[in-house]
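When a ligand or atom number is given, it counts from 1 through the structure's own listing order. This is a predicted model, so every value here is computed, not measured.
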Amino acid sequence: MEKIFEKLLELGNDVKLDEKMEYHTSFRIGGPVKYFIIPNTLESFVSTYNFLKKIMEIKVVGKCTNILPSDEKMNIAILSTERIDRIEFKNDIVLCESGVPLKKLCLESMENSLSGFEKAYGIPGSVGGAVYMNAGAYGWVTAENIIYVEAFDGEKIIKLFPSEMEFSYRNSIFRKKKELVILRVAFKVINGDKEKIKIKMNEILKRRYTKQPLEFPSAGSVFKRPREDFYVGTAIENLGLKGYAIGDAQVSEKHAGFIINRGNAKAEEVKKLIEYIKNKIKNVYNVNLETEIEIW
Ligand SMILES: Cc1cc2nc3c(=O)[nH]c(=O)nc-3n(C[C@H](O)[C@H](O)[C@H](O)COP(=O)(O)OP(=O)(O)OC[C@H]3O[C@@H](n4cnc5c(N)ncnc54)[C@H](O)[C@@H]3O)c2cc1C
């Protein structure tokens, strides 16, 4: 183990041993992982991935805003993209490394009078996580701005174009093929008026603060919308489940599509609450809910 640890340092990483995921997730939930690795550069990221892939299971994370890790000890290595966050503007193209926070992408686009990411403002993840999830809000989805993605397929870096990435609602090829790691993303933007972009972004942020329980830890909307005309939050609310809790995991009083951590929630409690909601929805509406968040 010491040899692995030394090699990880040598490859240009910061490494934390037995690091609790609760320190990293927006849910403030999650037990310890064997290695929590923070590569300092994209090159370190790729060589570390190459080194570890023969040794143990690797999970790549961005800002950990859409995951619910187990409470138990996990014998895995986490590769975080948090320091892989270079961003470059070239005319109407933005080149982002996968760890660029969406917030940074939105703000820097606005500063450069570039329109295209106004509706992404307030989504708390990274570019990599947004591509993986095809994150979206207010009618906008990540896929619509993508020109290409550079991904590591475990052996080499490949370039993927939108038609190859199987984008659909909160889905992409990356959710299916876990061996593909998003390294860089080229987005298109259009010239716009800085003030108008800023106003739109602030409007969007205000809507989020009004509707979402941002004062509590959560992972955003727990469930995918099963079809266009089925609003999960409203359905859960109509079942009288707003405020319903198992331990410290609670259906938000503000937005029933969110489960919040009231303080000391465990992953097991969140999972039980998810199952409880799924069963109720199935019994009353005959609808099968799927989770949007990733459960480890
Ligand atoms: C308060 C709140 C509000 C939210 N609002 C929205 C919203 O409006 N719309 C929306 O779509 N989502 C929303 N989310 C969910 C979440 O922010 C997004 O899905 C976001 O895109 C996840 O990015 P991340 O970097 O946090 O991903 P993580 O949680 O770190 O990872 C999510 C998944 O992506 C994978 N992944 C991450 N980076 C890479 C990479 N470089 N290569 C390959 N796989 C990768 C991980 O392995 C994991 O499976 C919200 C979450 C919160 C907490």
Side-chain angles (χ1 to χ4, degrees), residues 21 24-30 33 36 38-39 42 45-46 49 57-69 76-85 96-106 117 119-144 149-154 157 160 165 167-185 204-205 207-209 211-225 233 252 254-255 257-261 291-296:
M21 285 304 293
H24 301 275
T25 58
S26 56
F27 237 143
R28 301 282 170 263
I29 294 176
V33 289
F36 191 98
I38 311 171
L42 197 60
F45 182 94
V46 172
Y49 193 96
E57 188 190 341
I58 308 169
K59 284 190 189 290
V60 175
V61 297
K63 293 190 82 67
C64 304
T65 63
N66 212 31
I67 52 175
L68 177 65
I76 58 173
I78 298 288
L79 265 182
S80 165
T81 61
E82 65 188 74
R83 288 194 195 140
I84 301 166
D85 64 349
C96 290
E97 290 184 341
S98 61
V100 169
L102 280 178
K103 184 177 177 184
K104 176 169 166 174
L105 172 59
C106 296
F117 290 103
K119 291 180 179 171
Y121 196 45
I123 301 178
S126 66
V127 160
V131 173
Y132 177 97
M133 297 296 305
N134 193 16
Y138 307 108
W140 170 87
V141 286
T142 307
E144 69 191 61
V149 168
E150 281 175 12
F152 185 61
D153 70 358
I157 295 175
L160 294 165
M165 287 185 274
F167 286 117
S168 60
Y169 171 66
R170 301 292 176 269
N171 213 347
S172 73
I173 195 168
F174 304 102
R175 273 197 113 161
K176 202 162 69 188
K177 293 193 172 176
K178 304 277 185 200
E179 70 276 15
L180 285 176
V181 181
I182 301 150
L183 299 180
R184 263 188 294 252
V185 186
I204 293 285
L205 205 58
R207 276 160 84 170
R208 284 184 175 272
Y209 272 92
K211 296 234 164 77
Q212 300 180 357
L214 301 180
E215 60 280 28
F216 288 101
S218 80
S221 294
V222 174
F223 302 101
K224 288 187 184 181
R225 191 186 290 178
S252 163
K254 200 165 173 186
H255 186 318
F258 279 54
I259 290 177
I260 57 161
N261 177 358
T291 53
E292 179 177 321
I293 60 174
E294 299 241 328
I295 301 175
W296 298 357

Heavy-atom side-chain proximity of [X] to [Y] below 4.5 angstrom:
| X | Y | value |
| --- | --- | --- |
| Tyr132 | Glu294 | yes |
| His24 | Ile78 | no |
| Leu183 | Ser98 | no |
| Lys59 | Val33 | no |

For [Y], does its backbone N or O pair with a side-chain atom of [X] as donor and acceptor, under 3.5 Å?
| X | Y | answer |
| --- | --- | --- |
| Arg170 | Gly136 | yes |
| Ser126 | Gly129 | yes |
| Ser218 | Ile259 | no |
| Asn134 | Ser172 | no |
| Arg208 | Leu214 | no |
| Tyr169 | Lys224 | no |
| Lys104 | Asp85 | yes |
| Thr142 | Val131 | no |
| Lys254 | Gln212 | yes |

Before giving the answer on side-chain contact (heavy atoms from CB on, under 4.5 Å), spell out for Met21 and Phe36 the whole-Å C-alpha distance, their side-chain angles and the decisive distance to 0.1 Å.
-> CA-CA 9 Å; Met21 285 304 293; Phe36 191 98; 3.9 Å; yes

Top protein contact for [atom], by heavy-atom distance:
| atom | result |
| --- | --- |
| atom 31 (O) of ligand 1 | Ile67 CG2, 4.1 Å |
| atom 27 (O) of ligand 1 | Gly129 CA, 3.7 Å |
| atom 28 (P) of ligand 1 | Cys64 N, 3.6 Å |
| atom 15 (C) of ligand 1 | Asn66 OD1, 3.5 Å |
| atom 41 (N) of ligand 1 | Ile182 O, 3.0 Å |
| atom 25 (O) of ligand 1 | Ser126 OG, 2.6 Å |
| atom 26 (O) of ligand 1 | Thr65 OG1, 2.6 Å |
| atom 36 (N) of ligand 1 | Val60 O, 3.9 Å |

[X]-ligand 1 polar pair, N/O distance under 3.5 Å:
| X | result |
| --- | --- |
| Ala130 | yes |
| Asn134 | no |
| Arg208 | yes |
| Tyr132 | yes |
| Gln212 | no |
| Gly62 | yes |

Supply the atom-to-atom distance Ile260 CD1 to Glu215 CD, rounded to the nearest 0.5 angstrom.
->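 So the gap between those two atoms works out to 7.5 Å.
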
Can you list the atoms of ligand 1 that are under 4.0 Å from a heavy atom of [X]?
| X | value |
| --- | --- |
| Ala137 | 8 (O) |
| Leu214 | 1 (C) |
| Met133 | 19 (O) |
| Ser26 | 53 (C) |
| Val61 | 30 (O) |
| Ala219 | 51 (C), 52 (C), 53 (C) |
| Ser98 | 41 (N) |
| Arg170 | 11 (O) |

What part of Ile123 sits under 4.0 Å from ligand 1 if we count only heavy atoms: the side chain, the backbone, both or neither?
->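 Side chain only.
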
Select the closest option to [atom] among [options], judged by heavy-atom distance.
| atom | options | value |
| --- | --- | --- |
| atom 12 (N) of ligand 1 | Glu294, Glu292, Glu82 | Glu292 |
| atom 53 (C) of ligand 1 | Ser221, Ala120, Gly220 | Gly220 |
| atom 50 (C) of ligand 1 | Gly136, Pro124, Pro217 | Pro124 |

